[in-house]
Engineer: 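Questions regarding the structure given below will be posed in turn.
Just so it is clear: chains get the letters A, B, ... in the order the sequence lines come, proteins before strands, and each one is counted from 1. The structure presented is a predicted model; accordingly, all values stated were derived computationally and were not measured.
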Amino acid sequence: MSSENGSVDGGAEGAQPEQLALIRESVRNAKVPRAKPRTWRGAALAKELPVARVLVDKGVLHLDRYFDYAVPEELDADAQPGVRVRVRFGAGRGRVREGRREGGGLIDGFLVERLAESDYSGPLAALAQVVSSEPVLSEELLGLARAVADRYAGSLADVLQLAVPPRSARAEQRPSPEPLPPPAAPEAGSWGRYERGGAFLESLASGGAPRAVWNALPGPEWSEELARAVAATLASGRGALVVVPDGRAVARVDAALTSVLGEGRHAVLTADAGPEKRYREWLAVRRGAVRAVVGTRAAMFAPVRDLGLVALWDDGDDSHSEPHAPQPHAREVLLLRAAQDKCGFLLGSWSCTVEAAQLVESGWARPLVASREQVRAVAPLVRTVGDQDLARDEAARAARLPTLAWQAVREGLRHGPVLVQVPRRGYVPRMACANCREPARCRHCAGPLEGQESAAALRCGWCGREEGSWHCPECGGFRLRAQVVGARRTAEELGRAFPAVPVRTSGREHVLDTVPGAPALVVSTPGAEPVAEGGYAAALLLDGWAMLGRPDLRAGEDALRRWIAAAALVRAQEAGGTVVVVAEPTLRPVQALVRWDPVGHAVRELGERAELGFPPVSRMAAVSGAGEALAEFLAAAELPEEAELLGPVPLPVTGAAGPRRVGAPPVGERWERVLVRVPPGRGAALAAALKAAQASRMARGGGSAGEGAVWVRIDPPDIG
DNA sequence: AGCACGCCGACT
DNA sequence: GTCGGCGTGCTC
């Protein structure tokens, strides 16, 4: 592998004046288009396809253009499509120093294509180096990255940074294992509990590409069911990819894959394996040595060969949302992948997101569900404690624990562990009718109203309009209440209430994986619930108000998802499993929990979103920046005709203290945000327009930081 | 972002 | 004449 030394660029130290003159002349001649590449010093080039089209890995600045370079003869063999290269880039027309032309610094890139000629009308610089001959960027992966970049108005280079892990020479040197022949198709196993479960597996095993939204039955079987879907795909001679929200879920699916497939047939891709190990696993997948992958969100780009199935577990979990630009969501990436590779698609969850419901409603995917009898046979009994009960129960109110809840815990503890779910801190309050709890919404755009308890100072969180005379459209009430509840002392209080029972906590810092089947109080925040051996005897879901009171379109769906995630760890009703949720029984998510009907809940939400023009039925983008820059950007952007602008509204000023959230303005700067909404089918046009506007602003020196910065976010997660 | 090119005012 | 101000535009 040669570097610039001895290649076209380098070599002669101290060139003669005549050579300098020659170089200047070739600059003047450069205006004429040339069929064949010419380099600065005319060194030997590859005889066939002497032009390399390169994607320069430089964030957002060059904006998705390729640059052509000449391929020196000695790099000919290594300079294949997909390899990492280093090239000189930048610095005007290049300056000549000590006889050597130095066009800016060396930067990394990917060789995308070899060509016979370039359409660039100037002399080409030569590739400086082929970093390694490993073709890491396949045509397929490039196509996916391009689609993701377009979908999210981002740059290809940004997406590739997410899709291709950093190189480790040692990992590359090591040979990958020999690929194993396809396994036999698996038995249907517990897939038989679903009406079309067996047919789904058979379709995968016979080379089909079924697409399903799978509402999983509560209990621990889901990971083995995923493993069987993978095994069926492998049996057809194709590869499979499973993306799950966190390390614990990876471990479960990993174990299930090992038990269904045996050793050596699958790779685990997670961020917390070191960079070398991670790259080694990734390479084994790319090289086709391993045909099945399970991992967390970064694995959504795993270069699985001949993909037959992409599967995603629990798409409502927000860790599926990539925090790095352009912030793609694993569900959307896998949707793009399924479309591009024409492979099977499986979106599974105990709960159901509105997006998942939309996939079924649009006919793109089929529902994979169990019968009501099946659900009733495995789900626990769910009971509610609302404000009415609390009010009647003064003593319980003081203890923050109503009688029914108290009884359920005490009874549960006689038979096994009891789970107590408490919300995390830090939920932002939003306003709701003090009488009927209907969220207060803007009458113009239906955005969430924010403000103080006095109805006088209400303002819409989306369009910024003031609301001077709010009254509740449901019950006619005019008093508001901020929906925020604190709940931290619960664990201590419970511990004191049941002094004979051990109390274990699982939360952000210490997440327990499993707990034994012996009686214990297990206090956990949402998402950190340990699995109990033999299932929990009971679960207590506290402070539903805090979960439902977030200023987020997903508050209901999210609360239901978290409740169901906890309740799914509880024994079946027949085995005495009981769940008590402390929340108003008339609320839709609460009713959906009682009936164990997350799909019905999502379908109703979807209908409402369509009516109100909310995502995912319409698509939204958030554009934020300092007032003037934002206005300028929007004026210059050629948005689709149907685009509707909501706002601007001021963004909260970020303080120096506290966690910096992704997407928050720079510390201390006053920023505003505008939401852009387009009807169904115009999402691509919106993304393209925003991308183009961003590109032209960059070209004019807008810069990505400081004064003129404007941030664009497709599918903003926190739109009230 | 860098960095070079280019088109106007005070200097050896 | 030419050195150098920073305003504009390109990077194969």
Engineer: Can you tell me the distance, in whole Å, between the CG atom of D68(A) and the P atom of dT11(C)?
Structural biologist: 12 Å
Engineer: So if I apply the side-chain contact (heavy atoms from CB on, under 4.5 Å) rule between F110(A) and each of L142(A), V54(A), V56(A), L137(A), which one comes out positive?
Structural biologist: L137(A)
Engineer: Just the rounded figure in Å: distance from C1' of dC10(C) to CZ of R65(A).
Structural biologist: 9 Å
Engineer: Measure from CG on L106(A) to P on dA1(B) and round the result to the nearest Å.
Structural biologist: 22 Å
Engineer: Take the protein atom CZ of R88(A) and the nucleotide atom C1' of dC10(C), then report the distance between them rounded to whole Å.
Structural biologist: 18 Å
Engineer: Starting from P on dT11(C), measure out to OH on Y66(A) and report it in whole angstrom.
Structural biologist: 18 Å
Engineer: Give me the one residue out of L55(A), V136(A), D57(A) that meets side-chain contact (heavy atoms from CB on, under 4.5 Å) with L160(A).
Structural biologist: L55(A)
Engineer: Would you call R151(A)-D715(A) a salt bridge at under 4.0 Å N-O?
Structural biologist: yes
Engineer: Stacking here means centres under 5.5 Å and planes under 30°; does F67(A) stack on dC12(C)?
Structural biologist: no
Engineer: Could you give the CG-to-C1' distance, from L55(A) to dT11(C), as a whole number of Å?
Structural biologist: 14 Å
Engineer: Starting from P on dA1(B), measure out to CG on D57(A) and report it in whole angstrom.
Structural biologist: 17 Å
Engineer: Once the angle between the rings of W671(A) and W711(A) is folded into 0 to 90°, is it parallel (under 30°), tilted (30 to 60°) or perpendicular (over 60°)?
Structural biologist: perpendicular
Engineer: From CG of L124(A) over to P of dC10(C), roughly how many Å is that when rounded to an integer?
Structural biologist: 18 Å
